[in-house]
Amino acid sequence: MSALVLGVDSGGSGLRVTLARRSPGAEGPRVLGGVRCAEPVRTGPAGIDADHMAEQLLPAVRELCAAAGAGGEPVAAACVGAAGMATLGASLRTRLPGLLREGCGVRALVLAADAVTAYAGALGQRPGAVVAAGTGMVATGTDLSRWRRADGWGHLLGDCGGGAWIGRAGLDAALRAVDGRPGGSAVLRARAEERFGAPLSGLPAQLYPRADRAAVLASFAPDVADGCAEGDPVASRIVRAAAEEIADSAAAVCPAQGGGGGATDATGTAVVACTGGLFRLGEVLQGPVRAGLAARLPGVDVVEAAGDPLDGAVLLAHELAADRLALPRDPALLTVTGPGARQG
C-alpha cells in the first residue's frame, strides 16, 4: 500500500519540511509538498528543545497533509535530521517520538544528525564518505557497519576549512594589515572595510556580542575567495589551507583508509562527495579540494552530491517505510523508534 513519509531538516536557519508518498514498486518517494519554518529550534540546558520543535513541526505537517488531500492519514515514517543531534539530542530522542505519534500519527521515526542526512542526501545508502561544508565543516563516512566522523566541533574548537574558519582567517589577515604585522593583506583589509565598515577597530563590537557570530565570520568567506581569484597571495594561502583541512577530514573518515576497502562503489572505486553551500565558492576551492583528495586517497572517485540534507531525510523516511533502511544505527548519530527499529 502507498504511505505518507516525512522529511525534516532542522538547523540554524529554521525548519524545512517535506511531505512525500511512498508507492509500492516506485524507486523513490513522490514529493507532495514542502514548507519552511524560519524560526530556528531553541537549544537550552537540556539540549535541543523537543517541545519547541513540535510546536512548529506539527502545524506544518497538518498543513501539508491538508494541501495534499491526505488530512487525517497517518504518516508511516518520518526522519528528522538536526544540527547538534549528536551532542544535544537527548530531549529529542526521549520526547519527539511521542509528540509526533500523538500529533500526526507518525508510526516510525528516524532521528539523525544533520551530518547523516547530508550523507544520505549526497550518496544515498551506499558506503563512502561525505564532506558537508557551510558555515561549519564535518566529514562522515561509513562502510554500512559503523560510522566514522571527523571535525564538526563548532567554530570555536574546529570546523576547520569551513566558512567561519575561512572568514576568521581572512579577517585576521585584514587586521594584521591594519596593525602592520606580517601576514597582513591590503586586499582583504579593503574588502573587510567594505563589508563591515571602516575603521576595522569597530569590528570586535560588531562581532563578539552576536549569537550568530559564526555566520558573520562565514559571510566573509566569499570575499576571501574573491581575493584569491584576484591573485592575493594571503587569500590564496587561506583557501588552499581550507582545502587541505577538508581533504584531511575526508581521508580520516573514508573506510578505504582504514583498510576495510568499504568506501567503494560497484566498480571498487572509493567514493567521496562534497556537499554544502561553501562549495559554491567555485573552482577556487573545489580544485584544491580535488587535488587534496587525490593525494590522500589515490583513485578516489569524487562524485556529485545527489541532493541536500532535506533530500536525505526524505530518503531515510522512505527507506524506513519500505523496511530497507541500511545505514548503521548509532546512539548519537542515527536512532530509530517504532516499526523498523531493529538494525537493518
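- Comment: Asp330 does not engage Arg146 in a salt bridge, judged by the lack of any side-chain N to carboxylate O separation of less than 4.0 angstrom.
- A 6.0 Å sphere centred on CZ of Arg280 holds no more than 12 heavy atoms belonging to other residues, nucleotides or ligands.
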Could you please spell out the steps behind the side chain to side chain contact (heavy atoms under 4.5 Å, CB included) verdict for Trp165 and Glu245? CA-CA 10 Å; Trp165 188 94; Glu245 294 285 359; 4.1 Å; yes
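- Side-chain atoms of His155 do not come within 3.5 Å of backbone N or O of Ala164 as any donor-acceptor pair.
- Salt bridge Arg16/Asp308: present, at least one basic N to carboxylate O contact under 4.0 Å.
- Although no hydrogens or angles enter the test, the distance criterion places no donor-acceptor pair under 3.5 Å between the side chain of Thr94 and the main chain of Ser91.
- Enclosure of atom CZ in Arg191 by more than 12 non-hydrogen atoms of other residues, nucleotides or ligands within 6.0 angstrom is indicated.
- With hydrogens and angles disregarded, no donor-acceptor distance shorter than 3.5 Å links the side chain of Arg148 to the backbone of Asp143.
- Between the side chains of Ser249 and Asp151, no donor-acceptor pair is found at a separation under 3.5 Å.
- Here the OG1-CG distance, from Thr135 to Asp159, works out to 9.0 Å after rounding to the nearest 0.5 Å.
- Once rounded to the nearest 0.5 Å, the distance linking SG of Cys37 with CD of Gln56 reads 5.0 Å.
- With rounding to the nearest 0.5 angstrom, the CG atom of Asp311 is 11.0 Å from the CG atom of Leu316.
- If you take OG1 on Thr117 and CG on Leu315, they are separated by 10.5 Å, rounding to the nearest 0.5 Å.
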Could you please spell out the steps behind the side chain to side chain contact (heavy atoms under 4.5 Å, CB included) verdict for Leu123 and Val303? CA-CA 9 Å; Leu123 289 183; Val303 301; 3.6 Å; yes
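- Between Tyr119 and Trp147, the ring planes lie perpendicular to each other; the angle is over 60°, past the 30° to 60° tilted range.
- Taking CZ from Arg210 and CG from Leu217, the interatomic distance works out to 10.0 Å, rounded to the nearest 0.5 Å.
- Contact annotation: the side chain of Thr140 never approaches that of Val253 to less than 4.5 Å [non-hydrogen atoms, C-beta and beyond].
- Between the Arg62 side chain and the Gly103 main chain, a donor and an acceptor come within less than 3.5 Å of each other.
- A side-chain donor-acceptor contact under 3.5 Å links Gln125 to the backbone of Ala326.
- Remark: the backbone N or O of Glu319 is not paired with any side-chain donor or acceptor of Arg324 at under 3.5 angstrom.
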Does the side chain to side chain contact (heavy atoms under 4.5 Å, CB included) test come out yes or no for Ile166 and Leu278, once each step is laid out? CA-CA 10 Å; Ile166 292 173; Leu278 187 67; 4.1 Å; yes
Hey, mind stepping through Leu200 and Leu175 against side chain to side chain contact (heavy atoms under 4.5 Å, CB included) and telling me if it holds? CA-CA 7 Å; Leu200 288 181; Leu175 293 172; 3.8 Å; yes
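- Side-chain contact between Val80 and Met53 is present, with at least one heavy-atom pair separated by less than 4.5 Å.
- Val110 is not listed as a side-chain neighbour of Val116, based on a closest heavy-atom distance of 4.5 Å or more.
- Residues Val131 and Met137 meet the side-chain proximity criterion, which asks for heavy atoms closer than 4.5 Å.
- Of the charged side-chain nitrogens involved, none lies within less than 4.0 Å of a carboxylate oxygen, so that Arg240 and Glu244 do not count as a salt-bridged pair.
- Atom CZ of Arg168 sits about 10.0 Å away from atom CD1 of Ile238, to the nearest 0.5 Å.
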